[in-house]
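Convention: sequence-line order gives letters A, B, ...; per-chain numbering from 1. Hydrogens, waters and symmetry mates play no part in the numbers below; they use all other heavy atoms, side chains included.
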Amino acid sequence: MTGDIIMAGFGGQGILMIGNLLALTAMEEGKHVTYFPAYGVEMRGGTANCTVVVSDEEIGSPVVGRPKGLLIMNGPSMERFLPMLAPGGDLIINSSLVEERQVTRNDIRLLSVPADDIARNRIGSRQMASMVALGAYVALSGIVKLSTVFDCLPKVISKKYEKFIPLNVNALKEGAALAGFHA
Amino acid sequence: MSAPPGKARFSKAVYARPRSLVDVKSHFCPGCHHGTIHKIVAECIDRYGLREKTIGVACVGCSVFLYDYIDVDVVESPHGRAPAVATGVKRAQPDKFVFTYQGDGDLAAIGTSEIIHAANRGENLSVIFVNNTTYGMTGGQMAPTTMLGQKTSTTPYGRDFRGDGYPIRMAELLAGLEGTAYSARVAVSTPAQIRKSKEAVRKAFEMQINGMGLSIVEFLSTCPTNWGMKPLDAQKRVLGEMSEYFPLGVFKERVQADFA
Amino acid sequence: MSALAAPPSKRLLKGNEAICLGAVAAGCRHYYGYPITPQNDIPEYMAAHLPALGGTFLQAESEVATINMMLGTSASGKRVMTSSSGPGISLMQEGLSYMAGSELPAVIVNISRSGPGLGGIAPSQGDYFQAVKGGGHGGYRLIVLAPHSVQEMYALTMLAFDLADKYRTPAMILGDAIVGQMKEPFVASPYDPASTVEKPWALTGCAGRERLNVKSLHLKDNEIEVHNWRLHEKYERIRKDETRAEPYMLDGATIAIVAFGTAARVGKTAIQWARKEGIAAGMLRPITLFPFPRREVFELARKVDVLLVIEMNTGQMVEDVRQSTPLHDRIAFLGKPCAMPTPEEILERIRLLAGRKV
């Protein structure tokens, strides 16, 4: 399984966290993987984005011009990254904050995930929105197994916040369910 | 600790070359104070038995030839950077004795950043600062310590504060920094001054030995060649107008009690 | 965690952190530096970890002070490192010249950014000339290593310390923001020095020996001329014995990319794609930029139709490629100053070059 994705949103939405988690999961499944975060002044404006490339073979470029996946958590990121998505690629949008009419392309596969609403109303924490979105992407793309993502949670969540791991699992499952996948 | 000179049993030796001073003929100009200052430094190294654990840091200018005269390990630094180089030596070898030997162009112009921050960090170093109000090696250009009205090759009409600024008083400036343990200005134009300056260097070295922070001794020095003076007239200039503008004295002396 | 396939020693690690692990594994306990994007992970790691190892982390007042603190620690016989980016590396050129002249080893990491001037923080390979042609005054060389992966950031940092000590000269890791900031699976291989180097020249106080000097000033007779020839001879030995390059899919290649660091990384993807289209593309990746793999480029130029030099600048290493082969009409260039080429545009160029030959 080979795939790549750009994830983007506001700083604080957990973009780098879920990108890192996806990369770690791919590594634990024995795949080649690269994770490249935006850095420096690019982050000072309050936006965050990262690129994850997963492959069964040695990975060349850690940065992609035409990603096969795009996960958009806020409106401004849509304008910047939508033109890059490869034709036929997967677009996951956080429809709580991004309006569907912003999706100006019809040559892609769109999955609208009201991530903030689900996180707030069904998980009980709006901070779980990015996990909902990641669950949806993992289920839609099949790039890694959802169960491996669960296994990797303790590696990215510090001991101090260990008690929130079940919340994260629930959030991932809710997202995956939206993609028609039931863990 | 090496034995101080003058301990012979039947006859009383009143003078001997310090062990840490290399027995070579001086290449410095007649009337130059570098030789006197080297000897004071060497005597103080001997006094505390530091010769075999000393690393000296030479700077750029006439001061660089430190390694031809003091019988210790010496590393040469780029112009003005001696306090940074000394920081690197001392951090790597905290048990060694480290001193810099710098001229006024080196310490008070190009190297102001390095000396101020080394002092401010309280680096446990000793600094010997030789102020002769000119760039000796390059041929007598204006130094940051050149006196107002003083003619140099780059102030042919005399230093004018309106374009050239004022001579800078480094001993006072560095005394104002928390990290500085000891700051004094001395001269070596009379035997009494030489005795006092040796006392200052001893104090400076003791500060390092006791881990108190950065110590600096500023020497008012001559450059008869570039001043265009006879050696004796050069001494008079130090005792006169230089000492008036650059007062001799101790500007800071840390005691154990105020060293947190 | 039994469901996880990766061995426990494998971890997802950032390139800049791999440099720190390599330095610590190689016995470096002294780090001096000054903040600058995009390499701040390195001083931050060193500040957190070196004190516990009995080492020194010091945030200097400038890069000028940094390189001179390194000079002092190196003269003391200890391994020492700094990291910075273009503007800071420029400030270090004075000290690098003195260290080269005084024959002092040290490792300088340049996680380079765009220039000239303040430029920007976009990844760039615009510091190639500065790194490999001397940079400071007086005519000297740095050993320059160009990692293209997180694993290599680690391995080449250890190698840089070994080579610096072996040849008594500063060595530079020339990276960029991509290899510095990216994370990849990483396994910490044990440090295995080719040989341990004694440092009888180190200034440790003259107990039981004559006093020593470490210096670059030579005023007597023809001392400086002799010194220059000796340095030259050393650089020639480095050229002869330390040149490293990775051949990648060169079997039967008719189009060979020559690229280093991140540009090589991207080029590998383009080569994989080109091979799937039946275009025989490959790559020669210089790992040492000084010494430059001249002989390898010379041999390669005779075998292929095209050498496609790719750089994230307007053409610097391409001059060394031209110097390595008389077959200049086989050299093509793709430059992306202060930007990463995408695999797509490299593939496009490969197709064009292949098509031209049909």
What is the ring orientation for C/Tyr154 with C/Phe186, classed by angle as parallel under 30°, tilted 30 to 60°, or perpendicular over 60°?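 It falls in the perpendicular class, over 60°.
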
Quick one: of [options], who has the most non-hydrogen atom pairs under 4.5 Å with chain A?
{"options": "C/Glu184, C/Arg265, C/Met340", "value": "C/Arg265"}
{"options": "C/Gln181, C/His148, C/Glu345", "value": "C/Gln181"}
{"options": "C/Met182, C/Lys14, C/Arg113, C/Lys183", "value": "C/Lys183"}

When only pairs under 4.5 Å are counted, which of A/Thr51, A/Val33, A/Val53, A/Val63 shares the most heavy-atom pairs with chain C?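 Greatest number of close heavy-atom pairs with chain C: A/Val33.
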
[X] versus chain A, the contacting section by heavy-atom distance below 4.5 Å:
{"X": "C/Ala177", "answer": "both"}
{"X": "C/Pro185", "answer": "both"}
{"X": "C/Thr269", "answer": "both"}
{"X": "C/Ala122", "answer": "backbone"}

Are more than 12 heavy atoms, taken from residues, nucleotides or ligands other than [X], located less than 6.0 Å from that residue's [atom1] atom?
{"X": "C/Glu348", "atom1": "CD", "result": "no"}
{"X": "C/Asp251", "atom1": "CG", "result": "no"}
{"X": "A/Arg122", "atom1": "CZ", "result": "no"}

Check step by step if side-chain contact (heavy atoms from CB on, under 4.5 Å) holds for C/Ile346 and C/Ile310. CA-CA 9 Å; C/Ile346 295 176; C/Ile310 304 174; 3.7 Å; yes

Salt bridge (Lys or Arg N to Asp or Glu O under 4.0 Å) assessment of C/Lys268 paired with A/Glu58: CA-CA 9 Å; C/Lys268 283 185 174 181; A/Glu58 183 188 344; 3.3 Å; yes

